[in-house]
Amino acid sequence: MPKPAVIHAALDRVADQASFLRVLLQETLEWPIEDKIKRIQDISYGWTQDDFRAQGLDKKLVGGQAWQIQPFRADQPWGIFVLEFHEPKGYRTHLRQVLR
């Protein structure tokens, strides 16, 4: 497992879905993601505002939902959720709703 500083450096290099998949997941976390995978939706499960019990969240998120990336390693004790907000204003409040 890479150290937090290595993961942080990888996150600094992420600019879009493609770099998220390649730089963070493939290179840094060493997940076996096939090169043909180009979108987060291809390796994740969708969650809605009802799943999170967070009313109004769908209007704040691009596409109206969040994504949970499926685990690619058996030794992975945590999950990754991807939330893309329409605008940065107020995202912390909605993020807290999801984390609850």
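Here the side chain of Thr28 pairs a donor or acceptor atom with the backbone of Val23 at under 3.5 angstrom.
Scored by the side chain to side chain contact (heavy atoms under 4.5 Å, CB included) test, Asp16 finds Ala18, Ser19 as partners (sequence neighbours excluded). In this structure, the side chain to side chain contact (heavy atoms under 4.5 Å, CB included) partners of Arg92, at least two apart in sequence or on a different chain, are Arg96. Residues meeting the side chain to side chain donor-acceptor pair (under 3.5 Å) test with Trp67, sequence neighbours left out: none. Under the rule for a side chain to side chain contact (heavy atoms under 4.5 Å, CB included), the partners of Glu87 that lie at least two apart in sequence or sit in another chain are Lys89. For Thr48, the side chain to side chain contact (heavy atoms under 4.5 Å, CB included) test picks out Asp50, Asp51, Gln65, with sequence neighbours left out.
The structure places CG of Asp42 at 8.5 Å from CG of Leu21, a figure rounded to the nearest 0.5 Å. With rounding to the nearest 0.5 angstrom, the CG atom of Leu83 is 11.0 Å from the CD atom of Gln68. For the atom pair CG of Leu29 and CG of Leu24, the computed distance is 4.5 Å after rounding to the nearest 0.5 Å. Taking CZ from Phe20 and CD1 from Ile80, the interatomic distance works out to 5.0 Å, rounded to the nearest 0.5 Å. Distance CG/Leu61 to CZ/Phe85: 5.0 Å, rounded to 0.5 Å. Taking CD of Gln26 as the start and CD1 of Ile37 as the end, the distance is 9.5 Å to the nearest 0.5 Å.
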*asked:* Under the criterion side-chain contact (heavy atoms from CB on, under 4.5 Å), I'd like the reasoning laid out for Phe72 against Ile43: C-alpha separation, chi angles, the key distance, then a yes or no.
replied: CA-CA 9 Å; Phe72 279 83; Ile43 59 166; 3.7 Å; yes
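Summarising the local packing, NE2 of His8 is surrounded by 12 or fewer heavy atoms from other residues, nucleotides or ligands at distances under 6.0 Å.
Counting only residues at least two apart or on different chains, the salt bridge (charged side-chain N to carboxylate O under 4.0 Å, His left out) pairs with a member in residues 21-35 are Arg13-Glu27, Glu34-Lys36.
Here the closest non-hydrogen pair linking Ile40 and Val82 is CD1-CG1, 3.9 Å.
Side-chain contact check for Gln41 versus Gln17: some heavy-atom pair is nearer than 4.5 Å.
Residue Trp31 is not grouped with residue Val6 when hydrophobic side chains (ILVMFWY) are merged at heavy-atom distances under 4.5 angstrom, including chains of intermediate members.
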